[in-house]
Amino acid sequence: MAERECGFAPLVFRLHGGAPQVVREVLLERGWDEYDEEEQEEGDWNLYWRASGFRKSDYENILPWQRLNHHPKMSQITRKDCLARHMRRMKIAFGTALYDFSPAAFILPNEYTKFLGVYTRNRMTDRGKSRYWICKPVDLSRGRGIFLFEDIKDLVYDSSVIVQRYISNPLLISGYKFDLRIYVCVKSFSPLVIYMHQEGLVRFATEKYTLASLESLYSHLTNTSINKFGMCYATDKERVGRGCKWTMSRFRSFLHKQDINELLLWHRISNIVTLTLLTAVPCVPSNPNCLELLGFDILIDASYKPWLLEVNYSPALPLDCPADVSVKKGLISDIIDLMNYRMVDSFRQKGYCRQRSGSRYLRPKISQGVLLPKTLHATPLGNKNRNQSISNSSSSQDTSVNVCASNDIGYVTWPIHSNSKSIGHEKAPQKFEDINDEVESDGLKLTTFNSTRQSHRNAPSTVCKLPSLHVHKLKSPAVPWNSMTQDRGIPPCRVGDFILTFPFNEATWKASQDQADVKAIVNEVHKLTNRLASSFSEKERKKMESGQSIGVRDKFEPLLWGPKDPPLLSKCCSLNSEVK
Ligand code: ADP
């Protein structure tokens, strides 16, 4: 792809054993090379993708041009027992009203007595009305070991499990239960930056839903790994069709036909994602060169209330059916764009290799223990051939394309000296001189640049400036955030089909810096929720339809899902008071 076509050294990916094949496929299609352990050295790769977690030393030894596909400590929300514990803590701290999206859960055997108390109380108060529970091993996935029960005498377990209230009134499509697999990318935990993918999957049970038979896993569980073995998997099921998956787009057109207020639903889901990730913020150390792809499982009940079932670490990415192909390939491609690689990443890597082999080309000073640049906070190149890949039209986009967040290293997107013509969409950074000062002082020069890019073909003496490796040389801006040069550092609102869902305004951006102010963020989510709920009154909706309700177009332009061109939250309700 771009790099290779243009003569740049290809970026290099490294896959660990269980890493999904689709990642390899997409990266090769994009012109990347696969890392060869025999031939290459540790510093030679740009992306290391593992299905399982990394070792501590992988985080410690990471080099500025490298990325890992996991943050450390993610089990805090991806293990069922940890999630249950965090949810309970947040309910106590911020109220059950805000954290009411998580079904009550008990971790057994430790909390057996607590569960017994609730179970018994429910039995007495519900007077014969049934309550159902679902029991799940804490550290298994894909539906393994799960069963439902109504009577406590049927609760049998021999490992650590969680017992969760069973949502027994799910929304059904032609009698079939389904849940949503929402793909979420946490680009950074400090500051917290969350993207939700607009495409996703709807996973159906393959037998009609009935509470008369709790044993039928094909009726109660929506895991593909279970349903693909169901008798009805291949049959053409009423409305659902063959197989057990829809793309999210198909689900959304279904909602439109039902005349359902989609926007409110996505807003609630986006809140669930933010409020869930907030629980992990204090536990996850800042690691700017990592990002995380998570699979949120959301169940919608008959009253259109979304519930969080669980958060999946390394969500399954096999391409089992056409829906998988259309969703997952795009998803991986968008993730790569979010990783924000630049030409300098492959330069640096090559220079590093040459340095090791004694060449004088490039001598980055790599000292042990230096802070790494917050590379992932900058805006990606958007190197897919999709014009609207980064579609934020505000000026914030232009600025952040080139310069990282204020406390980041000042990365130059385009590594050629400013008197070279900029190419394509890569513009010169606003603070180019400042960055060059840093770069020069670091003495990083690439004296030969073997590019086939038209503008540089005949410029053998072009000096390529690489970003400084020493982040401490960059001064933090003394000016307050909102008076800094434009919207420096604000993440782009959209990258491919990834939509920025957090931060969603200036207050949340500020509150998520450094030591995130969880309380302030929760407060903002609360305020936004209230405002949205009230704005969905009939009057407001009419205004919107007639195009009168134009809120302030904020630099964040928080998005909710719309068709391919999502409506802005600021258009869904009047945000005048919300975004200063
Ligand atoms: P796993 O990690 O094994 O997939 P999940 O928690 O995702 O475990 O549960 C598997 C499936 O069981 C879900 O996809 C959903 O269909 C169903 N399920 C899980 N928890 C509940 C619940 N509380 N209420 C209703 N259905 C549930």
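All values reported here derive from a predicted model rather than from experimental measurement. We count ligands from 1, going down the list as the structure has it; atoms in each ligand are counted the same way.
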Mind checking what makes side chain to side chain donor-acceptor pair (under 3.5 Å) contact with Ser174, not counting sequence neighbours? none
Taken in chain and number order and not counting sequence neighbours, the residues that satisfy ring-ring contact (aromatic ring centres under 6.0 Å, His included) with Tyr313 are His70
Kindly confirm or rule out a cation-pi arrangement of Arg268 over Phe101, judged by NZ or CZ under 6.0 Å from the six-membered ring centre and within 45° of its axis? no
At a 4.0 angstrom heavy-atom cut-off, ligand 1 is contacted by Lys80, Ile134, Lys136, Leu140, Ser141, Arg142, Gly143, Ile146, Gln164, Arg165, Tyr166, Ile167, Lys177, Asp179, Arg203, His220, Leu221, Thr222, Asn223, Asp297, Leu299, Leu309, Glu310
Test side chain to side chain donor-acceptor pair (under 3.5 Å) applied to His71 - qualifying residues, sequence neighbours left out: none
Strictly below 4.0 Å, N to O, side chains only: are Asp337 and Arg30 in salt-bridge contact? yes
Would you mind checking if Glu29 and Lys329 are paired as a salt bridge, meaning a charged N to carboxylate O distance below 4.0 Å? yes
